[in-house]
Peer 1: 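To start, I am sharing the structure in question, which I have written as structure tokens.
Just so you know, these numbers use all the heavy atoms, side chains as well, and skip hydrogens, waters and symmetry mates.
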Amino acid sequence: MTEPERPSDFIRDVVAEDIRAAKYEKIVTRFPPEPNGYLHIGHAKSICLNFGIAREFVGICNIRMDDTNPAKEEAEYVESIMTDVRWLIEGWADNHLGGAPFYASDYFDKFYEYAVDLIRQGKAYVCDMTPEETDAYRRLGKASGFRDRSVEENLDLFARMKAGEFPDGARTLRAKIDVNAANVWLRDPVLYRIRHASHHRTGDKWCIYPMYDWAHTLSDYIEGITHSICTLEFEVHRSLYDWILDALELPEPRPHQYEFARLNLTYSVMSKRKLVQLVNEKLVNGWDDPRMLTISGLRRRGVTASVLRAFAYNIGITKYPSMTDMALLEHTMRDEFNRTATRRLAVLRPIKVVLTNYPEGKTEQLEAINNPEDANAGTRKIPFGRELYIERNDFMETPPPKYFRLKPGGEVRLKYAYIIKCDEVVKDGAGNVIERRCTVDLDSKSGGPTAGRKVKGTIHWVSAADAIDAEVRLYDRLFSVPEPDSGGDFKSFINSGSLEVVNAKCELALAGARPEERYQFERLGYFALDPDSTGEKQIWNRTITLRDTWAKEAKKS
RNA sequence: UGCCUCGUGGUGUAAUGGUAGCACAAGAGAUUCUGGAUCUCUUUGUCUAGGUUCGAGUCCUAGCGAGGCAGCCA
């Protein structure tokens, strides 16, 4: 799927209109993650939106760590976030990155000055109520007993809060708005709380920390953000966002907040809390487990940044809390890889075939096409010999109807090679087939003058004498139900078959495989080299299977 | 309960008062040295009831349904 120049949605419509009206000199968006976890595909949607707008409207997009809560944030996460964002926008919108990254914590001094200003204007006060009291009063629409403290007293108390005179939770700074407001976020929201905690960047300099609304609004203003785009749950915060800008009498141009629906995908969970659980309880192998829909997991699995960007375009931007079908993500992968992946032959679950009328010790080099979708991809040679491996499920002793693969007495074409016929099966003492003895039709060689004879099935194979061994990790959806989130313990819906490890036989050309290249193992799926691979041992991750209409057909009966 | 927002095929989206379209999924067929890809065709939709208008998915009113918020988290 080629990426269009400019997708259309209600937010881009606003941006386009603001440009038409010359409301801003330059469009500035931002991506503001809290560094308390790894980025996932839902963040990718937001990154593509914000950087996409910057790119399409010739603006910039700031990455800003929203690090206002020292209890939850760590430098490790900053690293992973930057790696993931850079990877996702590389070669696409990286020259629209506005000097990255920014940190809300760099603005703590400014936030403090703005707070003092607010107090001076009589628009904020220090409140001594406990969290429980604050909560109860807010529900009742009742004013705090500390609401009418004098400006001088508020100034003094706030300074002493900053100086560390009070323990955690003893006091807060609250905006003085309207204790009875219909929107509870306007019922004198807390602006600062006391936390004697060490911050990953500011260390022990501060013991008061700004709340989200205060920090976020002012960060946007300080950075000259024009369009502050967030998810739906912040909708009710918008009037507080605007109140802060008004109360401080900040001059135009001011930022405006817009909200869109976060991504939900079937067969997955998206909340950071649940992803943390999967990691901490070792239900997956870390944040970058290829089954995780984290950006790092998807990357490791073999998904490319361009696939994620195309997907972000495919799903669109709306305010409707939708549930996107995982099949759409999978389709987007196949769509790209079909055009770009290098074809190779590999046998995942090898079984042996002996060609009884083919000379022992003889090897032929057969020509194979690297990518039928790309004429420039060229060809390669594959060795062929008397003993071969074929896929276990490409042979059946007693096959169902419409089975086009190898069966006793039946014929099948070996891709890029010959038509073979299965004459005999050799069994061990337990009655298991251990070897298939076949004869080759030497007139049927692919590309040869008499190759025209048709048989119904074509299968892949690898020459036993020339095969290389590799570990292949076969990944599937992490959850076995469409909505693991919808009730009960989501962990009980984990797909027990989401990872299967096999020892495969691969064609020789795969020895030179490169990690950044995508491969199609013909008839099987798309694969990428795992970073755990070494010079001695390749490890492959299956990114996604090919569409398999036979599997569907077989399931019917 | 209060406040906010949102309802277009199974799913995701488009149509900015003027022919309800696209993609995914599903189904049928053609083709194929990948049961892939490609091509053709098919099924399925504007939450309900009123109103405004020559004309409503779009505007208005009411209802119904869904989601979000009600942390000293973000």
Peer 1: Quickly, which of A:Lys456, A:Lys421, A:Arg453 forms a salt bridge (charged side-chain N to carboxylate O under 4.0 Å, His left out) with A:Glu411? Name it, please.
Peer 2: A:Arg453
Peer 1: Please determine, for B:G36, whether a Watson-Crick or G-U wobble partner exists with both distances under 3.5 Å, and give it or none.
Peer 2: none
Peer 1: Taking atom C1' in both B:U8 and B:U16, compute the distance separating them and give it to the nearest angstrom.
Peer 2: 16 Å
Peer 1: Counting heavy atoms from C-beta on, name the nucleotide in B:G71, B:G36, B:C72 closest to the side chain of A:Thr172.
Peer 2: B:C72
Peer 1: So A:Phe108 and A:Pro210, do their side chains get closer than 4.5 Å, heavy atoms only?
Peer 2: yes
Peer 1: Please confirm whether the shortest side-chain N or O distance from A:His331 to OP1 or OP2 of B:C24 is below 4.0 Å.
Peer 2: yes
Peer 1: Restricting to nitrogen or oxygen on both sides, can you table the protein-nucleotides 26-31 of chain B pairs closer than 3.5 Å?
Peer 2:
{"from": "B:A26", "atom 1": "OP1", "to": "A:Lys552", "atom 2": "NZ", "distance (Å)": "3.0"}

Peer 1: Are A:Thr549 and B:G36 close enough that a side-chain N or O sits under 4.0 Å from OP1 or OP2?
Peer 2: yes
Peer 1: Give A:Phe234 one of three labels, base, sugar-phosphate or nothing, depending on what nucleic acid heavy atoms sit under 4.0 Å from its own.
Peer 2: base
Peer 1: According to a strict under-4.0 Å criterion, is A:Thr68 in side-chain N/O contact with OP1 or OP2 of B:A74?
Peer 2: yes
Peer 1: For B:C69, take OP1 and OP2 only and decide whether either is under 4.0 Å from a side-chain N or O of A:Arg138.
Peer 2: no
Peer 1: Does B:G35 have OP1 or OP2 under 4.0 Å away from a side-chain N or O of A:Arg405?
Peer 2: no
Peer 1: Counting the atoms with a prime plus P, OP1 and OP2 as sugar-phosphate, which does A:Gly447 contact under 4.0 Å by heavy atoms, base, sugar-phosphate, or nothing?
Peer 2: base
Peer 1: For the side chain of A:His237 and the base of B:A70, is some donor closer than 3.5 Å to an acceptor across the two?
Peer 2: no
Peer 1: So what does A:Met65 touch, heavy atoms closer than 4.0 Å: a base, only the sugar-phosphate, or nothing?
Peer 2: nothing
Peer 1: A:Tyr112 ring centre to A:Lys162 NZ or CZ under 6.0 Å, with the angle to the axis within 45°?
Peer 2: yes
Peer 1: Over all strands shown, is A:Asp548 touching base, sugar-phosphate only, or nothing at heavy-atom distances under 4.0 angstrom?
Peer 2: sugar-phosphate
Peer 1: When you compare B:C72 with B:C24, how far apart are their C1' atoms, in angstrom units rounded to a whole number?
Peer 2: 45 Å
Peer 1: Looking at the side chain of A:Trp550, which of B:G36, B:G35, B:C3 is the nearest nucleotide?
Peer 2: B:G35
Peer 1: Check the pair A:Glu56 / A:Arg12 against salt bridge (charged side-chain N to carboxylate O under 4.0 Å, His left out), numbers first and verdict last.
Peer 2: CA-CA 9 Å; A:Glu56 294 149 24; A:Arg12 277 178 248 243; 2.8 Å; yes
Peer 1: Under 4.0 Å between any heavy atoms, over every strand shown, what does A:Lys456 touch: base, sugar-phosphate, or nothing? Just pick one.
Peer 2: nothing
Peer 1: Write down the protein N/O and nucleotide N/O pairs, taken from nucleotides 56-62 of chain B, whose separation is under 3.5 Å; answer none if there are no such pairs.
Peer 2:
none

Peer 1: Checking all strands, does A:Lys272 fall into the base, sugar-phosphate, or nothing category for heavy-atom contacts under 4.0 angstrom?
Peer 2: nothing
Peer 1: Nearest 0.5 angstrom please: A:Lys407 NZ to A:Met396 CE, how far?
Peer 2: 10.5 Å
Peer 1: May I ask you to say what A:Tyr192 touches in the nucleic acid, namely base, sugar-phosphate or nothing, with a heavy-atom cut-off under 4.0 Å?
Peer 2: nothing
Peer 1: Base, sugar-phosphate, or nothing for A:Arg195, non-hydrogen atoms under 4.0 angstrom?
Peer 2: base
Peer 1: One thing to verify: whether A:Asp168 and A:Arg193 come together as a salt bridge, which I'm taking to mean a side-chain N less than 4.0 angstrom from a carboxylate O.
Peer 2: no
Peer 1: Report yes or no: do A:Tyr526 and A:Glu336 form a side-chain donor-acceptor pair below 3.5 Å?
Peer 2: no
Peer 1: Could you work out which one of B:C24, B:C72, B:G71 sits closest to the side chain of A:Pro131?
Peer 2: B:C72
Peer 1: Would you kindly check if the NZ (Lys) or CZ (Arg) of A:Arg195 is within the cone defined by 45 degrees around the ring axis of A:Tyr209 and under 6.0 Å from the six-membered ring centre?
Peer 2: no
Peer 1: How is A:Glu34 classified with respect to the nucleic acid when contacts are heavy atoms under 4.0 Å: base, sugar-phosphate, or nothing?
Peer 2: sugar-phosphate
Peer 1: Pull out every protein N or O sitting under 3.5 Å from an N or O of nucleotides 6-12 of chain B, one pair per line with the distance.
Peer 2:
{"from": "B:U11", "atom 1": "O3'", "to": "A:Met323", "atom 2": "O", "distance (Å)": "3.0"}
{"from": "B:U11", "atom 1": "O2'", "to": "A:Met323", "atom 2": "O", "distance (Å)": "3.1"}
{"from": "B:G12", "atom 1": "OP1", "to": "A:Met323", "atom 2": "N", "distance (Å)": "2.8"}
{"from": "B:G12", "atom 1": "O3'", "to": "A:Ser322", "atom 2": "OG", "distance (Å)": "3.3"}
{"from": "B:G12", "atom 1": "O2'", "to": "A:Ile315", "atom 2": "O", "distance (Å)": "3.2"}

Peer 1: Determine whether a donor-acceptor pair (one donor, one acceptor, N or O, separation below 3.5 Å) exists between the side chain of A:Glu259 and the base of B:U5.
Peer 2: no
Peer 1: Think A:Arg149 forms a cation-pi with A:Tyr125, using NZ or CZ under 6.0 Å from the six-ring centre and within 45 degrees of its axis?
Peer 2: no
Peer 1: Mind checking A:Arg343 for me? I need base, sugar-phosphate or nothing, with any heavy atom below 4.0 Å counting as a touch.
Peer 2: base
Peer 1: Please work out if A:Arg171 contacts a base, only the sugar-phosphate, or nothing of the nucleic acid, heavy-atom cut-off 4.0 Å.
Peer 2: nothing
Peer 1: Any side-chain N or O of A:Arg193 less than 4.0 Å from the OP1 or OP2 oxygen of B:C73?
Peer 2: yes
Peer 1: Is the ring centre of A:Tyr212 under 5.5 Å from the base ring centre of B:A74, and are the two planes under 30° apart, so that they stack?
Peer 2: no
Peer 1: Please report the interatomic distance CE(A:Met333) to NE2(A:His331), rounded to the nearest 0.5 Å.
Peer 2: 11.5 Å
Peer 1: Taking the ring of A:His216 and the ring of A:Tyr212, is the distance between their centroids below 6.0 Å?
Peer 2: yes
Peer 1: Looking at every strand, decide which applies to A:Val236 at a 4.0 Å heavy-atom threshold: base, sugar-phosphate, or nothing.
Peer 2: base
Peer 1: From the options A:Tyr519, A:Tyr475, A:Phe527, select the one residue that forms a ring-ring contact (aromatic ring centres under 6.0 Å, His included) with A:Trp540.
Peer 2: A:Tyr519
Peer 1: Under 4.0 Å, counting only non-hydrogen atoms across every strand here, what does A:Thr266 touch: a base, just sugar-phosphate, or nothing?
Peer 2: nothing
Peer 1: Do A:Arg171 and A:Leu157 come within less than 4.5 Å of each other through their side chains, counting heavy atoms only?
Peer 2: yes
Peer 1: Would you indicate which nucleotide in B:U16, B:U34, B:C73 comes nearest to any side-chain atom of A:Thr458?
Peer 2: B:U34
Peer 1: Partner lookup for B:G63, please. Criteria are Watson-Crick or G-U wobble with both distances under 3.5 angstrom; report none if nothing qualifies.
Peer 2: B:C47
Peer 1: Syn or anti for B:G67, please, going by whether the chi angle lies within 90° of 0.
Peer 2: anti
Peer 1: Return no unless some side-chain N or O of A:Arg238 is found under 4.0 Å from OP1 or OP2 of B:C3.
Peer 2: no
Peer 1: Please answer whether B:A70 and A:Trp185 are stacked, defined here as ring centres separated by less than 5.5 Å and planes angled under 30°.
Peer 2: no
Peer 1: Before you tell me yes or no, could you show the steps for A:Lys274 and A:Asp485 under salt bridge (charged side-chain N to carboxylate O under 4.0 Å, His left out), namely the whole-Å CA-CA distance, both residues' side-chain angles and the distance that decides it to 0.1 Å?
Peer 2: CA-CA 10 Å; A:Lys274 285 173 179 158; A:Asp485 246 348; 2.5 Å; yes
Peer 1: Tell me, do A:Leu265 and A:Ile41 make a side-chain contact under 4.5 Å, heavy atoms counted?
Peer 2: yes
Peer 1: Assign A:Ser8 to base, sugar-phosphate, or nothing according to its heavy-atom contacts below 4.0 angstrom with the strands shown.
Peer 2: sugar-phosphate
